[in-house]
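To keep things clear, I will list the structure first and then write my remarks on it.
One-based numbering, in listed order, for ligands and for the atoms of each. For clarity, every value in this text was computed on a predicted model and none was experimentally measured.
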Amino acid sequence: MPVVIDPNLCIGCGACAALNPEIFRMDETSGQAAVVGPEAGENAAGAIESCPVQAISVK
Ligand code: SF4
């Protein structure tokens with residue numbers, strides 16, 4: 001199940017990339033998180049819970 005980040009919500013805190021670097025990385029240009037391993041959605045539960053603005057979802 002693919003992981004999706006809502007760019008209208010992400011504040012670039014870096015929590016998701018710190019918790020799951022195999023799924024997320026920080027984009028230096030946008031300052032927001034980007035998904036690099038969308039197929040790893042089943043492992044994203046911790047990051048989803050840690051996101052302070054609920055910007056991460058699994059479709
Ligand atoms: S945890 Fe949420 S707000 Fe923080 S960088 Fe990741 S998606 Fe953005």
Using a 4.0 Å cutoff against the non-hydrogen atoms of [X], which atoms of ligand 1 qualify?
X: Val53; result: 3 (S)
X: Ala33; result: 5 (S), 6 (Fe)
X: Cys51; result: 1 (S), 2 (Fe), 3 (S), 7 (S)

Within the structure provided, determine whether Cys13 and Pro52 are in side-chain contact (heavy-atom separation under 4.5 Å).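 SC-SC contact between Cys13 and Pro52 confirmed.
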Going by heavy atoms in the side chains, are Val35 and Phe24 under 4.5 Å from each other?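 Yes; the side chains approach each other to less than 4.5 Å.
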[atom]: nearest protein contact (heavy atom, Å):
atom: atom 3 (S) of ligand 1; answer: Ile11 N, 3.5 Å
atom: atom 8 (Fe) of ligand 1; answer: Cys10 SG, 2.3 Å
atom: atom 5 (S) of ligand 1; answer: Gly14 N, 3.3 Å

Regarding Cys13, does it place an N, O or S atom less than 2.8 Å from atom 2 (Fe) of ligand 1?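 Given the 2.8 Å cut-off, Cys13 does not count as a ligand of atom 2 (Fe) of ligand 1.
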Where the side chain of Asp27 meets the backbone of Ser30, is there a donor-acceptor pair that is under 3.5 Å apart?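 Pair found, side chain donor or acceptor close to backbone of Ser30.
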In terms of hydrophobic clusters joined by side-chain contacts under 4.5 Å, are [X] and [Y] together?
X: Ile48; Y: Ile5; answer: yes
X: Val4; Y: Ile56; answer: no
X: Leu9; Y: Ile11; answer: yes

N/O/S atom of Cys16 under 2.8 Å from atom 8 (Fe) of ligand 1, yes or no?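 Short answer: no, not a single N, O or S atom is under the cut-off.
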